[in-house]
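Accompanying notes for the structure given below.
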Amino acid sequence: MPALVLLGAQWGDEGKGKATDLLGGSVDYVVRYQGGNNAGHTVVVGDQKYALHLLPSGILSPGCVPVIGNGVVVDPAVLLSELSGLEERGVDTSKLLISGNAHLITPYHTTMDKVTERFLGKRRIGTTGRGIGPTYADKINRVGIRVQDLFDESILTQKVEAALDQKNQILAKLYNRRAIAVEEVVEELLGYADALRGYVCDTTLLLNDALDQDKVVLFEGGQGTLLDVDHGTYPFVTSSNPTAGGACTGAGVGPTRIDRVIGILKAYTTRVGAGPFPTELFDEDGEKLRTIGGERGVTTGRDRRCGWFDAVIARYATRVNGLTDFFLTKLDVLTGWESIPVCVAYEIDGRRVTELPYNQTDFHHAEPVYEMLPGWSEDISGAKEFSDLPKNAQAYVKALEEMSGAPVSAIGVGPGRDETIQINSFL
Ligand code: IMP
């Protein structure tokens, strides 16, 4: 089983870091294929907790090669500080590989992200402010700066000039901000070149060779299905494709090479930033989920919006990603409720709907239709086998599995590396 994609099945923050890390020991390459330092993975190894933003979580598994693919947007300052932070804690980062085709987030992208959000006012997306959208916009507009440009001063200068020509007009005339000097940006970027040079290579060639040699390659998505620019709750989305197809374009491997697509699914739902969220709770249950689940963004420190499990979304994730398995996370957070509502359909203007509406207005009007499932009060964090779970917790998992359309192959029952019940092997 050489090629696996692992991605968020909801709005991100499903606990992907834990799932990748669980596989880390048996995986040869862990590849990020989209997004940038808007992501946040928390990985707990022993008594150590690591918060990763840009680096693939495989960086924590000795023997595994972490790869930043061409579809990722890289803020070099963040990358270098994340690397030195890990090195200070004794983590070997020398195996990291970075695609020369990945685009760079520069200071003007971060500035543009912040000013456009401010300009949007109450229509803002609630971005992470990390320059993600403007960097992808430049990529598509063909005025982006790529990692390989760091190693050719003349090309870099020409490209920064081309990018700033228009942006400086916008910054000065529309947003009343000072223009950004080309030399300042070029000088900063050139300052990163030597530190990054040794990591940069043709990752597409390397990964295809690895697959030819039957190596195990794990493609790790950032964010989640409903934040996908094509398949998510547009415009309240990120600017890349976290869905399974994004692994192919963002790493340069063909779809025929992917063997398994694992959706990470939280036992309830959370969302950061603006946009529709049918099962969102505004009462003490929402507060309880937030507190017990530690639902605060790893990247932004913002409180996450919390709600009950939404099976309509899970089914949609199965469909648009071709999911073969689910990894159900944070089941332990639901311990203590007498009964647990699960959204099985929406009611939209008097109609009952069981598939995610493609029409944005319909989705904004969707009211959840709940089925109540019996809860459990026993501590489940020590469960090693499915049969160790209380009967009602087993029934909750089985019900979710049936509604969501793919088998639950692993269950997270606590934050630690070993607090996982593995039902089917992923490899
Ligand atoms: P951006 O990716 O910074 O442009 O933000 C766009 C939207 O995606 C905002 O609603 C963010 O809160 C959300 N978002 C971006 N990254 C993550 C993530 O890793 N987890 C959850 N939400 C995210």
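Ligands are counted one by one from 1 in listed order, and the atoms in each one are counted from 1 as well.
Only the side chain of Leu227 comes within 4.0 Å of ligand 1, counting heavy atoms alone; its backbone N, CA, C and O stay farther away.
A cation-pi arrangement is absent between Lys266 and Trp11, since the terminal nitrogen or guanidinium carbon is not both under 6.0 Å from the aromatic centre and inside a 45° cone about the axis.
Looking from atom 17 (C) of ligand 1 to the surrounding protein, the closest heavy atom is Gln223 CG, 3.5 Å. Remark: minimum distance from atom 11 (C) of ligand 1 to any protein heavy atom is reached at Gly126 O, 3.5 Å. Protein heavy atom at the shortest distance from atom 10 (O) of ligand 1 is Val272 O, 3.2 Å. Protein heavy atom closest to atom 21 (C) of ligand 1, with residue, atom name and distance, is Asp13 OD2, 3.0 Å. Among all non-hydrogen protein atoms, the one lying nearest atom 3 (O) of ligand 1 is Thr128 OG1, 2.6 Å. Atom 7 (C) of ligand 1 has as its closest protein heavy atom Val237 O, 3.7 Å. Scanning the protein heavy atoms around atom 5 (O) of ligand 1, the nearest turns out to be Thr127 CA, 3.3 Å.
Between the side chains of Asn241 and Asp228, at least one donor N or O lies within less than 3.5 Å of an accepting N or O. Side-chain contact, Arg271 with Thr233: a donor N or O sits under 3.5 Å from an acceptor N or O. Side-chain atoms of Ser381 and Asp379 form a donor-acceptor pair, as typed in the model, at a separation below 3.5 Å. There is no side-chain donor-acceptor pair under 3.5 Å between Thr128 and Asn38. For the residue pair Asp310/Tyr346, the side-chain donor-acceptor check at 3.5 Å is satisfied. Judged by distance alone, the side chains of Gln223 and Thr238 never bring a donor and an acceptor atom under 3.5 Å apart.
Under the 4.0 Å criterion applied to side-chain N and carboxylate O atoms, Arg89 and Glu82 are not assigned as salt-bridge partners.
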- Message: Quick one, Glu184 with Arg178, criterion salt bridge (Lys or Arg N to Asp or Glu O under 4.0 Å). Give me CA distance, side-chain angles, the key distance, then yes/no.
- Response: CA-CA 13 Å; Glu184 222 173 84; Arg178 77 168 177 92; 3.7 Å; yes
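Of all the atoms in ligand 1, the ones that sit under 4.0 Å from a non-hydrogen atom of Trp11 are 21 (C), 22 (N). Using a 4.0 Å cut-off to heavy atoms of Gly273, the atoms of ligand 1 that qualify are 10 (O), 12 (O).
Contact between Arg302 and ligand 1 is present, with at least one heavy atom of the residue lying under 4.0 Å from the ligand. Ligand 1 has no atom lying under 4.0 Å from any heavy atom of Gly222. Heavy atoms of Phe236 stay at 4.0 angstrom or farther from ligand 1. Not close to ligand 1: Ser239, with no non-hydrogen atom less than 4.0 angstrom away.
In terms of N/O distances under 3.5 Å, ligand 1 is not approached by Arg130. Considering backbone and side-chain N/O atoms, Thr238 comes within less than 3.5 Å of an N/O atom of ligand 1.
Applying the side chain to side chain donor-acceptor pair (under 3.5 Å) rule to pairs touching residues 165-176 yields Asp138-Lys167, Gln169-Lys173, sequence neighbours excluded.
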